[in-house]
Amino acid sequence: MLVSLKNVKQFVDLTGLSAEQIANGLTFAGVEVEEIKRLASGTNLVIGEIKTCEKHPDSDHLHILNVDLGEKYGVEQIVCGAPNAKVGLKVIVARVGAKLPGGEIKAGVIRGVSSNGMCCSLLELGVEEKYLTDYQKAGIEELDKDAPIGEEDVLGYLGLDDEVLNLKVLANRPDLLSLYNVAREIGAIFNRKVKIPNHEEIVTFNTKLKVSSKTEKCSQFSGKEVRNIKIKESPKWMKDYLMAMGVRSINNIVDIGNYVMLLTGQPLHMYDADKLASAELTARSDYEGPFVALDEKTYEIRKGDIVIANKDKPMCLGGVMGSLECAVDENTKNIYIEAASFDGATIRRTSSRLGLVSESSSRFVKGTNHFQSEYVLNFASELIKDLCEAKEFSDIVTYQEEKYEEKVVRTSCTRINGRLGTEFTSKEIKEVLERLNFKVMMNKDEFVIKVPDYRLDVTCDADISEEVIRLLGFQHVKSVLPRLDTKLGSLTQEQNRLKNIRFYLLDKGLDECVTYSLISKKEENSFNLLNDEEHYRILNPLTDEREVFRTHILHSLLKVATYNVARQNKNLALFETGHMISKASNSTHLAIVLVGKELRRGNMESIDFDFYHMKGLVEGIFDCLGIEASRYRFERNTTHLDELHPGKSADIIFQNKVIGKFGELHPNKIEEFDLGKLSAVALEMNLDSLLDAKVSTIKMSPISKFPSVTRDLALVVDKEVAAKDLIKVIKVTGRGLVSNAEVFDVYEGEHILSSKKSIAISVTYSSDDHTLSDKEIIDMENRIKFELTKQYKAELRG
Amino acid sequence: MKNEKLKSIVSEALEGIKKALKLDEINELRNRFLGKKSELSSLGGLIATLPVEEKKTFGIEMNEAKQLISQAFEEKLNALKQKALEEKLKKETIDISLPSREVSLGARNPFYIVQDEMKEIFIGMGFDVADGPEIETDLYNFELLNIPKDHPARDMQDTFYIDENTLLRTHTSPVQARTMEKMNGKPIRIICPGKTYRRDDDDATHSHQFAQIEGLVIDKDINIGHLKATLELFAKKMFGEKREIRLRSSYFPFTEPSVEVDITCANCGGKGCNMCKGTGYIEILGGGMVHPNVLKMNGYDPEVYSGFAFGIGIERVAILRYGIDDIRKFYNNDVRFLHQFKKKD
């Protein structure tokens with residue numbers, strides 16, 4: 001809502017208040033002022049008259065002017081490019097040193113001719129384009145012939161010396177979409193006198209017009225007939241008024257409608273009475289069919305929309321737009337004026353469905369005062385009488401379903417202070433509420449409060465406490481921490497474990513990312529390693545790119561890798577955790593992407609990321625949750641083989657379910673994601689079963705007092721034999737004596753058949769109750785060798 | 001020492017040891033002066049031929065000589081070993097300016113730094129952390145928060161819909177209703193961090209996805225002063241002890257009275273500058289007293305219980321704290337951006 005201070009000043013005393021002070025006062029009272037605009041601005045301005053006008057010798061469009069600036073400044077030579085410059089024209093001159101919205105005016109030489117100042121268009125003074133004609137925009141402003149030469153208050157002369165507050169009116173204060181109510185609000189905040197004018201009813205005849213409503217969505221409908229109006233241009237004061245409030249002038253009757261709406265908040269609609277088949281207007285919500293509106297477009301009306309009909313024909317889409325059929329035009333003589341109240345929810349649905357949002361529809365959506373139509377129609381009549389030279393006014397006809405009842409709220413000083421944490425006295429509270437036009441009856445601590453009809457938002461005692469505090473100020477609120485039962489705030493087990501996983505990965509050098517949950521359908525189907533569960537689709541997406549609520553993170557994280565690699569960030573270790581939602585389930589996921597080389601502080605010894613890096617991270621996650629290696633296992637991955645490298649990918653199996661998949665990227669995908677020749681490893685894991693897995697508490701087990709012995713075994717086996725199977729044989733065979741067995745080298749190549757590989761395993765022997773003898777160890781080793789040879793045809797190397 | 005012979009052997013040996021520079025030389029000298037074929041050794045063989053009275057003296061002097069020489073050897077040997085070690089260490093000197101070998105520390109997107117820290121602050125004040133679904137029903141996201149169908153406040157929040165009754169939550173406030181339902185009339189003290197979605201085009205200051213932390217306290221005799229003090233504590237922890245907050249009246253359908261909370265501008269300390277548009281304050285969050293209708297709809301008697309609620313934008317806090325100029329930077333995850341945030345607080 002744009003509020004011109006010049007306009008509002010007519011209704012409330014603003015003496016001594018600057019625009020900034022008013023803006024600040026409103027903002028703190030909950031009516032945020034987003035900006036203070038000036039209609040036009042400029043310093044060093046003066047009105048001048050062009051005395052001579054010659055063509056510039058070096059230009060086909062410039063003129064050399066001598067402009068008389070009056071006694072004080074004399075005559076200045078100005079080079080001017082405006083096509084309409086001519087002798088005798090009164091113009092606005094910005095003298096040297098003038099500060100205009102576009103910059104400062106300096107003395108200069110233009111193509112060899114000196115120029116001291118500039119003749120201005122209103123555009124150059126910062127007036128918005130929409131208020132100017134093409135002629136005005138193309139040249140300098142042509143002032144009236146009687147404009148006083150030498151006048152320095154040029155903005156004042158032009159009526160552009162106004163400051164306009166841009167109010168952000170929130171949904172609870174639709175009353176502030178009325179300049180009168182803004183005046184009342186300012187009056188209350190600054191405790192100033194407010195004067196809203198009265199308007200007398202003008203009646204010269206009785207109308208035949210009948211108004212009615214056949215829908216509960218129109219609870220009130222008033223009409224008035226005016227005859228023999230003259231449609232013409234509005235006077236300058238009206239144009240200025242509307243311009244200051246952000247509305248363009250059309251003609252006198254349209255302008256009156258807008259003017260009354262801006263001041264009172266009540267939208268009006270005018271019908272050309274001669275274009276209606278009969279003198280009746282009925283509000284209905286059962287019409288369906290096409291409707292040709294004022295803008296000459298056809299709209300499809302559905303049942304439920306409010307229309308004002310004449311003989312079953314819709315003449316107006318209530319509160320939204322009138323019909324072309326009965327529109328007021330330059331030949332209109334007789335009119336019906338409508339002042340009605342429509343259901344906001346219905347108007348909201350209709351106007352957003354049809355894309356027709358206007359000043360009036362948005363007022364109905366937020367809520368209007370149902371009990372001021374008489375006042376509004378009287379006000380409009382008065383203006384029509386003055387501006388449209390009309391003399392014949394009918395009485396007002398009204399359909400009104402609801403009777404006006406004053407809203408009453410009961411509360412008490414104790415309750416108000418209790419809610420606010422303040423210590424206001426009853427007197428203070430009463431005084432401030434009265435400033436807001438509430439009628440307050442006080443009985444000791446108790447209040448009975450009558451709410452003014454335009455304050456639709458105030459219904460309960462919490463609302464009253466808000467009125468009190470927003471005017472008296474939050475500085476009165478005592479800041480005290482609540483005294484509540486002492487308790488330990490804490491994370492749940494799941495939240496805590498997730499945090500531990502995140503911090504483990506951070507310590508391992510991975511960067512934690514956050515990406516968008518909405519992705520494209522194609523992206524959802526890419527690297528969806530874990531679930532093919534059905535995703536949710538957005539009904540009203542902004543773009544196809546953000547159409548699906550993702551069920552996995554990996555694709556988004558791979559895109560982060562692409563983004564970074566394109567910016568020469570080639571070594572990446574990234575992860576993200578998040579809640580995934582599909583139609584079937586909610587779950588917490590982790591995704592990891594490793595690209596390029598390990599991120600060491602220096603690059604001297606870094607090695608390329610591979611499968612085993614990722615495997616180690618997974619093991620680390622289980623470790624930090626205290627889940628022993630025996631409870632999970634890795635198996636060769638057999639799905640998504642076009643996305644992961646078939647030979648370098650694995651499933652993570654926990655509680656007999658595949659909870660994650662990881663592996664090096666398929667070479668085709670490295671190319672698809674523009675990762676160049678970099679190595680890339682990716683993981684997606686459902687963390688749910690980890691986050692609520694049962695984990696035994698730690699109980700220390702004794703460490704053997706007897707020394708252990710470590711001996712190495714070097715074996716040659718077929719390439720296909722998995723190391724973990726050899727280890728298993730060693731551990732099973734050596735049960736009781738072998739405490740550990742670990743691979744420490746794998747070799748393929750020279751001296752070994754191409755179908756074979758050499759594996760070196762170090763085996764640790766120990767006992768809890770005695771020192772092992774050489775014989776014991778050698779016997780056991782021989783048994784192990786025998787089993788390995790028997791089960792896996794292992795050959796022993798020297 | 002009286003025996004001239006011994007005397008000369010000792011002095012010759014000491015002289016030799018003193019001059020020796022290498023371990024080899026020392027070993028050779030040791031052989032020469034203390035070995036089986038040494039002069040001293042052969043002199044020792046003579047002891048048997050001496051008269052009894054001289055035997056004792058000679059023996060003593062002999063031992064003395066041996067001891068002197070051995071000691072000298074020992075000392076020299078140690079000195080040489082020490083020197084050799086020093087030389088070895090010197091040779092092993094490395095260029096300590098070369099890059100280190102340790103894996104570098106990962107960086108948290110500032111989004112998470114702020115979220116983690118906010119959780120800690122409120123956990124410290126006795127709050128629990130609640131989670132709520134990002135895909136919500138109209139009931140929890142709007143209706144139970146005093147925003148009925150076609151309420152104009154719905155226009156403040158352009159919503160992504162899944163179907164007529166299912167949507168992406170536009171704020172973390174539905175967790176208020178969910179928690180009240182769960183706690184079923186008992187006092188509440190929770191925060192809920194989480195992602196939220198609005199149908200906005202992305203630019204430097206708007207994002208279709210952003211995150212909030214919702215706070216809710218319900219108990220007996222709660223008032224705005226409690227909200228103010230709680231947020232003051234939060235602001236000082238988050239932004240520094242010197243920061244002040246102020247409350248402005250505002251409007252949210254689910255709180256009454258509603259407030260916007262501003263914090264003194266970090267850039268100018270409250271004097272007014274470009275960043276705070278000359279006001280000295282920057283808006284950081286919204287809150288208020290839980291609306292009696294909301295309490296009622298969710299099973300709390302507003303005559304017995306009152307409460308406060310607030311919602312803080314996570315990116316907003318990070319933007320103010322770190323001077324981040326574009327909200328999209330959080331979601332691009334450029335590692336040159338991320339790596340600026342390694343510090344652990």
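Keep in mind it's a predicted model, so treat the numbers as computed, not measured. Just so it is clear, the values below take in all heavy atoms, side chains as well, and ignore hydrogens, waters and symmetry mates. Letters go in sequence order (proteins before strands), and every chain restarts at 1.
Here the side chains of B:Tyr161 and A:Ile538 are not in contact, with every heavy-atom distance at 4.5 Å or above. For the pair A:Leu506/B:Arg108, a side-chain contact is recorded, criterion being any heavy-atom separation below 4.5 Å from C-beta on. A 4.5 Å side-chain heavy-atom check between A:Arg470 and B:Pro257 finds every atom pair outside the cut-off. Annotation: side chain of B:Val335 is not in contact with side chain of A:Arg567 (no heavy-atom distance under 4.5 Å). The shortest distance between side-chain heavy atoms of A:Phe28 and B:Ser249 does not fall below 4.5 Å. Counting heavy atoms from C-beta on, the side chains of B:Phe341 and A:Glu512 never come closer than 4.5 Å. Looking at B:Phe160 and A:Leu518, their side chains come closer than 4.5 Å, going by heavy atoms from C-beta outward.
Contact annotation for A:Thr577: only backbone heavy atoms (N, CA, C, O) come within less than 4.5 Å of a heavy atom of chain B. Residue contact with chain A, scored on non-hydrogen atoms closer than 4.5 Å, involves the backbone and the side chain of B:Glu134 alike. Heavy-atom distances place both the backbone and the side chain of B:Leu105 under 4.5 Å from chain A. Residue B:Thr279: no heavy atom, backbone or side chain, is found under 4.5 Å from chain A. Contact of B:Arg246 with chain A is made through the side chain alone, with heavy-atom distances under 4.5 Å. Heavy-atom distances place no part of B:Lys220 under 4.5 Å from chain A, backbone and side chain included. For a residue to count as touching a neighbouring chain, one of its non-hydrogen atoms must lie under 4.5 Å from one of that chain's; by this rule B:Phe127 touches chain A with the backbone only. For A:Lys478, the part sitting under 4.5 Å from any heavy atom of chain B is the backbone (N, CA, C, O) and nothing else. For chain B, the nearby part of A:Lys508 is the backbone; its heavy atoms alone come within less than 4.5 Å. Neither the backbone nor the side chain of B:Leu167 comes within contact range of chain A; no heavy atom of the residue lies under 4.5 Å from a heavy atom of that chain.
Considering B:Asp221, B:Asp219, B:Thr230, B:Leu227 as possible partners of A:Pro482, the one that fulfils the side chain to side chain contact (heavy atoms under 4.5 Å, CB included) test is B:Thr230.
When only modelled atom types and interatomic distance are considered, A:Asn564 and B:Asn333 share no side-chain donor-acceptor pair under 3.5 Å.
Note: A:Thr27 leads A:Val31, A:Leu557, A:Thr27, A:Asn24 in heavy-atom pairs under 4.5 Å with chain B. The choice from A:Asp507, A:Ile469, A:Asn172 that makes the most heavy-atom pairs within less than 4.5 Å of chain B is A:Asn172.
Ring centers of B:Tyr197 and A:Tyr516: at least 6.0 Å apart, outside the cut-off.
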